[in-house]
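The block underneath contains the structure these notes are about, expressed in structure tokens.
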Amino acid sequence: MGFLDAKDCKAFMAPILLLLGFFLSGLELTGAQSVGVCYGRNGNNLPSEADVINLYKSNGIGRMRIYEPNQPTLNALRGSNIEVIIGILNTNLQALTDAAAATDWVQNNVRNFWPDVKFRYIAVGNEVRPNDAEVGFVLTAMQNIRNAIAAANLQDQIKVSTSIDTTLVENAYPPSQGSFTGAASSFIKPIIDFLVSNGAPLLVNVYPYFAYTENPQSISIPYALFTSPGVVVTDPEGNRGYQNLFDALLDAQYSALEKAGAPNLQIVVSESGWPSEGGNAASVENAGTFYKNLINHVKNGTPKRPGQAIETYLFAMFDENLKNVPPEIERHFGLFSPNQQPKYQISFG
């Protein structure tokens with residue numbers, strides 16, 4: 001075979017370039033799809049479930065986290081193509097340490113809706129801490145739910161996990177020093193082993209807002225809002241530079257997982273948000289800046305995990321006027337007002 005002339009080369013390369021274009025557009029789409037929104041329902045003035053699903057679709061939001069198996073919500077999700085994290089309330093964990101109860105839960109809330117509803121993860125408990133009464137129930141409930149999912153032959157499509165907050169990790173500065181607290185280790189280590197053996201991610205709620213407001217003397221607001229013009233924190237390990245607090249918090253979690261023997265375990269950020277009023281640095285301007293920058297940022301990964309889009313769920317879809325207060329900020333995390341009007345000019349893609 002001889003060398004291609006210019007004309008033949010052009011003809012030869014055209015389909016390759018076309019395929020490359022499709023490939024690159026697919027990469028871009030994956031980044032856009034890394035963002036979902038949490039749908040909390042602690043309000044007495046919220047839209048109907050059908051209107052909520054339409055609001056997700058009209059804004060191009062392809063992923064949703066719900067905190068309990070609300071049947072009207074699940075019915076409204078049928079055929080929507082929205083991928084769902086479905087939660088199990090902490091108050092229900094003890095009951096699900098019974099295998100038969102877990103089988104019933106999966107039948108009633110997953111199998112009865114699958115595949116019309118695209119379940120992605122089951123979050124067995126939310127922010128259970130070492131001193132909580134439910135701490136002894138989480139792993140057994142996870143195991144029972146996972147066994148019921150496997151019995152339905154859905155273990156490859158739906159992964160079983162739990163959602164933790166960042167307080168289980170200490171020594172988070174610099175991020176490479178992050179490790180699980182002594183109190184948390186005995187609780188979280190068997191859960192980590194379970195996740196690794198089942199190819200499931202760990203769900204973590206990551207809030208730069210709370211980290212900032214708890215330590216405003218040491219943390220600058222630009223660092224918390226992704227607006228620092230340059231590196232703020234340099235981690236001696238790997239000489240990694242941090243320009244924002246979100247990355248630092250997340251990489252401290254990855255460091256803790258490495259020390260717990262799970263260096264390849266993936267993290268899904270199951271909540272992150274900023275309130276628009278009700279507390280220090282809570283304003284429409286700051287919240288809008290945070291959400292816009294977070295959406296753009298999570299396509300790119302962290303210094304410790306560069307180039308890996310971070311699957312992230314913004315908290316939350318609506319302001320919720322029945323959230324427990326104080327603090328008042330809990331009622332003001334919505335991306336939308338209950339009348340479905342956007343509070344910020346942001347794009348979810």
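Between Asn92 and Glu68 the shortest side-chain heavy-atom distance does not fall below 4.5 Å. When side chains are defined from C-beta on, Leu202 counts as touching Leu257, because their heavy atoms get closer than 4.5 Å. Side-chain contact between Arg63 and Phe348 is absent, with no heavy atoms from C-beta onward closer than 4.5 Å. Inter-residue side-chain proximity for Ile86 and Val117 is flagged as unmet; no heavy-atom pair is nearer than 4.5 Å. Leu46 is not listed as a side-chain neighbour of Val52, based on a closest heavy-atom distance of 4.5 Å or more. Under the 4.5 Å side-chain criterion, counting only non-hydrogen atoms from C-beta, Val35 is not in contact with Leu294. Counting only heavy atoms from C-beta outward, the side chains of Phe187 and Leu168 approach each other to under 4.5 Å. Looking at heavy atoms from C-beta onward, Ile88 lies out of side-chain contact with Asn109 at the 4.5 angstrom threshold.
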Tell me, with the steps shown, if Thr312 and His297 meet side chain to side chain contact (heavy atoms under 4.5 Å, CB included).
CA-CA 10 Å; Thr312 301; His297 179 75; over 6 Å; no

Is there a side chain to side chain contact (heavy atoms under 4.5 Å, CB included) between Ile295 and Lys292 once you walk through the steps?
CA-CA 5 Å; Ile295 290 167; Lys292 181 179 69 176; 6.0 Å; no

Determine, step by step, whether Lys304 and Glu237 satisfy the salt bridge (Lys or Arg N to Asp or Glu O under 4.0 Å) criterion, reporting the C-alpha distance in whole Å, the side-chain angles of both residues, the deciding distance to 0.1 Å, and the verdict.
CA-CA 10 Å; Lys304 204 172 180 68; Glu237 181 183 288; 3.4 Å; yes

Check the pair Phe210 / Leu249 against side chain to side chain contact (heavy atoms under 4.5 Å, CB included), numbers first and verdict last.
CA-CA 11 Å; Phe210 291 116; Leu249 291 169; over 6 Å; no

Pair Leu93, Val128 - check side chain to side chain contact (heavy atoms under 4.5 Å, CB included), show working.
CA-CA 10 Å; Leu93 295 176; Val128 176; 4.1 Å; yes

Start with the C-alpha distance between Asn324 and Asn42, add both sets of side-chain angles, then the distance that settles side chain to side chain donor-acceptor pair (under 3.5 Å), and finish with yes or no.
CA-CA 9 Å; Asn324 291 330; Asn42 290 315; over 6 Å; no

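The main-chain N or O of Phe137 is never found under 3.5 Å from a side-chain atom of Thr140 such that the two would form a donor-acceptor pair. Using modelled atom types, no side-chain atom of Thr73 and backbone atom of Pro69 make a donor-acceptor pair closer than 3.5 Å. Under the 3.5 Å distance criterion, the side-chain polar atoms of Asn280 are left unmatched by any main-chain donor or acceptor of Thr213. Of the possible donor and acceptor atoms, one in the side chain of Tyr254 sits under 3.5 Å from a partner among the backbone N and O of Ile267. Listed for the Asn81 side chain is no donor-acceptor partner under 3.5 Å among the backbone atoms of Gly62. With hydrogens and angles disregarded, a donor-acceptor distance shorter than 3.5 Å links the side chain of Lys343 to the backbone of Gly334. Within the 3.5 Å criterion, the main-chain N or O of Gln177 finds no donor-acceptor partner in the side chain of Ser255. Of the possible polar contacts, none joining the Asn144 side chain to the Thr103 backbone as a donor-acceptor pair under 3.5 Å is found. Counting only distance, with no hydrogens or angles, the side chain of Arg65 and the backbone of Gly36 share no donor-acceptor pair below 3.5 Å. Not a single donor-acceptor pair under 3.5 Å links the side chain of Tyr212 to the backbone N or O of Ile221.
From Ile346, atom CD1 reaches atom CG of Leu314 across 6.5 Å, with rounding to the nearest 0.5 Å. To the nearest 0.5 Å, atom CG of residue Asn321 and atom NE2 of residue His332 are 9.5 Å apart. In this structure, CG in Leu245 is found 11.0 Å from CG in Leu250, a value given to the nearest 0.5 Å. In this structure, OG1 in Thr162 is found 12.0 Å from CD1 in Ile122, a value given to the nearest 0.5 Å. Taking CZ from Arg111 and CG from Asp104, the interatomic distance works out to 11.0 Å, rounded to the nearest 0.5 Å. Note that CG of Leu225 and CG of Asn293 are 7.5 Å apart. Values are rounded to the nearest 0.5 Å.
Lys259 NZ: more than 12 foreign heavy atoms inside a 6.0 Å radius. The local environment of OH in Tyr173 is sparse, with at most 12 non-hydrogen atoms from other residues, nucleotides or ligands closer than 6.0 Å. Surrounding CG of Asn339 are more than 12 heavy atoms belonging to other residues, nucleotides or ligands, all under 6.0 Å away.
When the side chains of ILVMFWY residues are joined at heavy-atom separations under 4.5 Å, either directly or via intervening members, Val206 and Tyr121 end up in two distinct hydrophobic clusters. Each of Leu203 and Val110 belongs to its own hydrophobic cluster when Ile, Leu, Val, Met, Phe, Trp and Tyr are linked at side-chain heavy-atom distances under 4.5 angstrom. In this structure, Val124 is not a member of the same hydrophobic cluster as Tyr313, with clusters built from ILVMFWY side-chain heavy atoms closer than 4.5 Å. Cluster membership check: Val160 does not share its hydrophobic cluster with Val268, using side-chain heavy-atom separations under 4.5 Å among Ile, Leu, Val, Met, Phe, Trp and Tyr. Put simply, Val84 and Val106 are part of the same group of oily side chains (I, L, V, M, F, W, Y) that touch within less than 4.5 Å, one to the next.
Closest non-hydrogen pair, Ser228 versus Gln243, comes out as O-NE2, 3.0 Å. Between Val169 and Gly178, the shortest heavy-atom distance links the atoms CG1-CA, 4.0 Å. Of all heavy-atom pairs spanning Met64 and Ile53, the tightest one is CE-CD1, 3.6 Å. What you find for Pro275 and Ala287 is that their closest heavy atoms are O-CB, 3.8 Å. In terms of heavy-atom proximity, Tyr39 sits nearest to Tyr67 at O-CD1, 4.0 Å. Taking all atoms of both residues into account, the shortest heavy-atom contact from Thr97 to Ala141 is CG2-N, 4.4 Å.
Below 30°, between 30° and 60°, or above 60°: for Trp274 and Tyr209 the angle between ring planes is above 60°, a perpendicular geometry. Between Phe246 and Phe226, the angle of the ring planes lies from 30° to 60°, which puts this pair in the tilted group.
When the options Tyr291, Phe333, Phe336 are evaluated for a ring-ring contact (aromatic ring centres under 6.0 Å, His included) with Tyr344, the one that passes is Tyr291.
The pair Arg305-Glu258 counts as a salt bridge, with a side-chain nitrogen and a carboxylate oxygen less than 4.0 angstrom apart.
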